[in-house]
Amino acid sequence: EDKVVQSPLSLVVHEGDTVTLNCSYEVTNFRSLLWYKQEKKAPTFLFMLTSSGIEKKSGRLSSILDKKELFSILNITATQTGDSAVYLCAVTRSNDYKLSFGAGTTVTVRA
Amino acid sequence: KAGVTQTPRYLIKTRGQQVTLSCSPISGHRSVSWYQQTPGQGLQFLFEYFSETQRNKGNFPGRFSGRQFSNSRSEMNVSTLELGDSALYLCASSHDSHGNTIYFGEGSWLTVV
């Protein structure tokens, strides 16, 4: 059974703070790890990571994967209230066609 | 380019009824998968279709079924609805789930009363 564990479950920060979200996984035949942002609607794709040590960046968001230690982190710098959302981590395997999700981290950014 | 389109967006059904949800993937995408999202269980995989074939199925009872048409559009059906089926049903599409980014639709909110 795949295991995807996100931490913390929730956090509250103030605008301008930096946030670091963690996702650890145990999955056989790992293929990729994906990060999504979910507000009160569908998850929005952020990053897909397949290789260790290569940071992906998009504006104030960045993410990196460690395939040896089986985890990924998502960083958000200079947070804004619009960053308030649930951040979901999911993994895929090379021998099937599904996303296995973690429970998500709820980020609340206060003005 | 249009995104993943799901219909209906909101619906209310009575226990024992059945429901059909529809999903049109992004143009050119041939893989469509379905997920159920509830506060208690999070996002759970239902099934995945590629070229009209179901390639993967999650751990849901047989009341949950789906299909994909030749134009890649997909439907899922839930028969004999139970209160616990109340959830957000999300459809996702990709060129092929292997190694490709998976994009989600807005979802269909189902309430069973």
Side-chain angles (χ1 to χ4, degrees), chain A residues 1-10 21 23-25 27-52 54 56 58 61 63 65 67 72 85-106, chain B residues 1 3-7 9-10 21 23-26 29-51 53-60 66 68 74 87-109:
Chain A
E1 182 81 24
D2 299 343
K3 231 170 128 176
V4 182
V5 179
Q6 293 187 244
S7 63
L9 283 182
S10 65
L21 310 181
C23 175
S24 64
Y25 62 91
V27 59
T28 52
N29 300 311
F30 171 86
R31 172 174 285 272
S32 62
L33 185 145
L34 295 90
W35 285 97
Y36 288 87
K37 175 184 180 184
Q38 186 174 30
E39 296 164 274
K40 291 187 194 306
K41 48 181 182 170
T44 304
F45 171 77
L46 295 174
F47 298 111
M48 183 170 74
L49 304 153
T50 55
S51 302
S52 263
I54 299 174
K56 292 227 174 171
S58 176
L61 277 67
S63 184
L65 175 69
K67 287 168 77 172
S72 172
V86 176
Y87 290 84
L88 294 161
C89 165
V91 296
T92 68
R93 299 191 293 182
S94 53
N95 58 340
D96 68 22
Y97 310 93
K98 68 172 190 179
L99 291 165
S100 296
F101 280 90
T105 295
T106 301
Chain B
K1 185 158 144 173
V4 181
T5 306
Q6 291 187 245
T7 56
R9 293 292 319 283
Y10 304 92
L21 308 177
C23 172
S24 293
I26 292 170
H29 285 191
R30 294 165 68 191
S31 168
V32 174
S33 46
W34 290 88
Y35 293 81
Q36 181 197 63
Q37 187 172 30
T38 59
Q41 299 295 321
L43 267 154
Q44 304 223 294
F45 172 77
L46 281 156
F47 24 66
E48 189 263 357
Y49 289 88
F50 181 83
S51 291
T53 300
Q54 185 183 88
R55 296 193 296 187
N56 238 142
K57 190 173 193 307
N59 296 325
F60 279 81
Q68 186 181 34
S74 177
L88 175 64
Y89 290 88
L90 289 162
C91 171
S93 82
S94 71
H95 281 288
D96 181 330
S97 292
H98 270 181
N100 294 116
T101 304
I102 300 169
Y103 297 95
F104 283 87
E106 293 284 313
S108 293
W109 287 94

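Below, chain A is the first sequence line, B the second, and so on; all start at residue 1.
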inquiry  = Between the side chains of B:R55 and B:E48, is the shortest nitrogen-to-carboxylate-oxygen separation below 4.0 Å, so that they form an ion pair?
reply    = yes
Is the closest side-chain donor-acceptor distance between A:R31 and A:T92 under 3.5 Å?
no
If one checks every heavy atom of B:L88 against chain A at 4.5 Å, the contacting part turns out to be side chain
Turns out that what part of B:F47 lies under 4.5 Å from chain A's heavy atoms comes down to neither
Is there a donor in the side chain of A:T50 and an acceptor in the side chain of A:S32, or the other way round, less than 3.5 Å apart? no
Heavy-atom nearest pair, B:F60 first then B:F45, reads CE1-O, 3.3 Å
Under 4.5 Å to a heavy atom of chain A? For B:Q44 that would be neither
Which of A:L46, A:V5, A:L99, A:L33 passes side chain to side chain contact (heavy atoms under 4.5 Å, CB included) with A:C89? Answer is A:L33
When the 4.5 angstrom heavy-atom criterion is applied to A:F47 and chain B, the contacting part is neither
Applying a strict 4.5 Å limit to non-hydrogen atoms, the region of B:L43 in contact with chain A is both
